[in-house]
Amino acid sequence: MLALFTLAVTGLSAYQGQFVWRHGGAQNRTYAAMLLAIAAVGLVSVVGQTSEDATPFVRFLGFAAVASFVCLVIVPSFLRDRAGWALESGRVRLAKWLLTARQLLQPGSLAQQERDDVDTMDKARAGRVDEALAALYERRRETNEPFLVRGLDERIVWALIFARRWGEATARFDRTLSLATGPVSARLLVEMVAAFCETGEEGRAAELVSYLEKSPLAGDLTFQPLLLRARMVFLAFVGFAGDVEWLAGGLPGTKSQSSGLLAYMSDAQRAYWIGVARLCAGDFEGAKAALVMAEAKAKAEPERKIVHDKLAALDNPALPRARSPALVELANQVAAATRE
């Protein structure tokens, strides 16, 4: 059994190591070398275990290769997933701690970039977005490696999104990160759905939702929270208030027959998105009730300001915009897929 595990780890480490070495840039060479070292140790153990006079030391090498692979690949992936959950639920400090632990186990620019992304988000939420952007623009000017440049472009768009500078975020995304120019992280695409909706470009948001629905990741359980969030945001801005409430688990403190698929969100977040959906559906009284609750439930000043700004829109509410049949049809498909 140990020999089989060692053989599998050897193959996976060799493949991933050479891939990171060739495509990850100089910043990730240390991590790539560690993976290749695991592959080498595993190969020695596999060859040794096939002989009739296999020694305990050979078996120990196999155990060491498997354990190292778990620490360098499996555990960091788990920490990254948990950090994503922490961010979605508003636990920024926990996310930073988890990503710091991941960076220790998986050194390189990829882990560092995710940790830096959270720092950027934290600064933006604290109102220091110009400081964060200045540092990002400076780093981008000094970087020539395409892989790192694209990562910095993503972080710039992230900072603009967290600062709620929607027009700048969508313009920067179209100029540097459109899907036509290369892959974009799924997490950023989900937030771009909200950005395009905020700027009134619901057609562009629909394109991203369709892209995510058709993505090979759509069947991955770890991707489901992101896909569900994209669906919820899109349905909220199209005015499908009932479906958003069903997804979010209803308003805090109320009983509702719903899936609660996104009930991990904070009470403030759940009430906020229900309020947005009601507002876009033209239910201004219902929107005000939900948003007032969201403001009361918000624990941090940035959250309260976001809700307050949305409440201000109720002072002079506009009638729901007319939406194309194609947009409504997509929203119906998204709602049906969610309930299934």
Side-chain angles (χ1 to χ4, degrees), residues 80 83-85 87-88 90 95 113-114 116-118 120-125 129 132-133 136-137 140 149-218 220 222-240 244 247 262 265 269 272-273 276-277 280 302 306 309-310 321 323-324 326-327 330-331 333-334 337-338:
R80 181 186 184 187
W85 165 82
L87 282 176
E88 290 291 338
Q113 179 180 323
E114 290 189 356
D116 290 345
D117 286 344
V118 178
T120 299
M121 180 190 72
D122 211 13
K123 288 179 180 178
R125 284 182 171 176
V129 66
L133 283 170
L136 290 172
Y137 286 133
R140 194 191 186 287
V149 166
R150 197 162 182 84
L152 287 168
D153 283 331
E154 282 205 15
R155 289 180 58 202
I156 290 170
V157 175
W158 269 114
L160 293 169
I161 287 173
F162 284 116
R164 302 181 70 77
R165 287 155 61 167
W166 306 117
E168 292 179 62
T170 56
R172 183 82 189 185
F173 176 83
D174 285 336
R175 191 164 63 251
T176 63
L177 289 172
S178 65
L179 295 174
T181 62
V184 182
S185 70
R187 191 175 298 280
L188 179 59
L189 289 180
V190 170
E191 296 308 319
M192 287 307 303
V193 171
F196 281 120
C197 285
E198 290 282 3
T199 57
E201 300 173 87
E202 292 169 350
R204 296 293 311 282
E207 291 175 9
L208 292 183
V209 172
S210 296
Y211 176 84
L212 291 168
E213 293 282 356
K214 297 173 183 176
S215 168
L217 290 173
D220 188 341
T222 60
F223 179 68
Q224 289 305 302
L226 286 176
L227 181 59
L228 288 171
R229 176 174 170 80
R231 289 173 173 175
M232 178 195 68
V233 170
F234 177 65
L235 291 173
F237 279 99
V238 180
F240 279 45
V244 171
L247 260 174
L262 290 173
M265 295 189 298
Q269 290 172 328
Y272 173 79
W273 284 110
V276 170
C280 293
I306 290 171
D309 290 343
K310 192 63 71 174
R321 292 192 299 272
R323 298 179 175 92
S324 69
L327 191 69
L330 176 61
Q333 292 174 6
V334 168
T338 302

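Note that these values count all heavy atoms, side chains included, but never hydrogens, waters or copies made by symmetry.
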Could you report the tightest heavy-atom contact between [X] and [Y], atom names first, then the distance?
X      : Y      : value
Ala236 : Trp273 : CB-CE3, 4.0 Å
Ala159 : Leu133 : CB-CD2, 3.7 Å
Ala206 : Leu330 : CB-CD2, 3.4 Å
Ala230 : Val190 : N-CG1, 3.8 Å
Leu226 : Ala186 : CD1-CB, 4.2 Å
Cys280 : Arg323 : O-NH2, 3.8 Å

Does the side chain of [X] reach to within under 4.5 Å of the side chain of [Y], using non-hydrogen atoms?
X      : Y      : result
Leu189 : Phe173 : yes
Met232 : Leu228 : no
Ile156 : Thr176 : no
Arg140 : Asp153 : yes
Phe237 : Val244 : no

I need the Arg150 CZ to Leu177 CG distance, nearest 0.5 Å. 5.0 Å

Does the side chain to side chain contact (heavy atoms under 4.5 Å, CB included) test come out yes or no for Ile161 and Met192, once each step is laid out? CA-CA 8 Å; Ile161 287 173; Met192 287 307 303; 3.7 Å; yes

Could you go through the side chain to side chain contact (heavy atoms under 4.5 Å, CB included) check for Arg187 and Trp158 one step at a time? CA-CA 10 Å; Arg187 191 175 298 280; Trp158 269 114; 3.6 Å; yes

Can you list the residues that meet the salt bridge (Lys or Arg N to Asp or Glu O under 4.0 Å) rule with Arg204, with sequence neighbours excluded? Asp174, Glu207

Go through the steps for Leu160 and Trp166 under the test side chain to side chain contact (heavy atoms under 4.5 Å, CB included), then give the verdict. CA-CA 7 Å; Leu160 293 169; Trp166 306 117; over 6 Å; no

Before you tell me yes or no, could you show the steps for Ile306 and Lys310 under side chain to side chain contact (heavy atoms under 4.5 Å, CB included), namely the whole-Å CA-CA distance, both residues' side-chain angles and the distance that decides it to 0.1 Å? CA-CA 6 Å; Ile306 290 171; Lys310 192 63 71 174; 5.9 Å; no

Lys/Arg N to Asp/Glu carboxylate O, Arg175 vs Glu168, below 4.0 Å: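 No, no charged N to carboxylate O under 4.0 Å.
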
Quick check: does any side chain N or O of Glu154 sit under 3.5 Å from a backbone N or O of Ser185, one acting as donor and the other as acceptor? yes

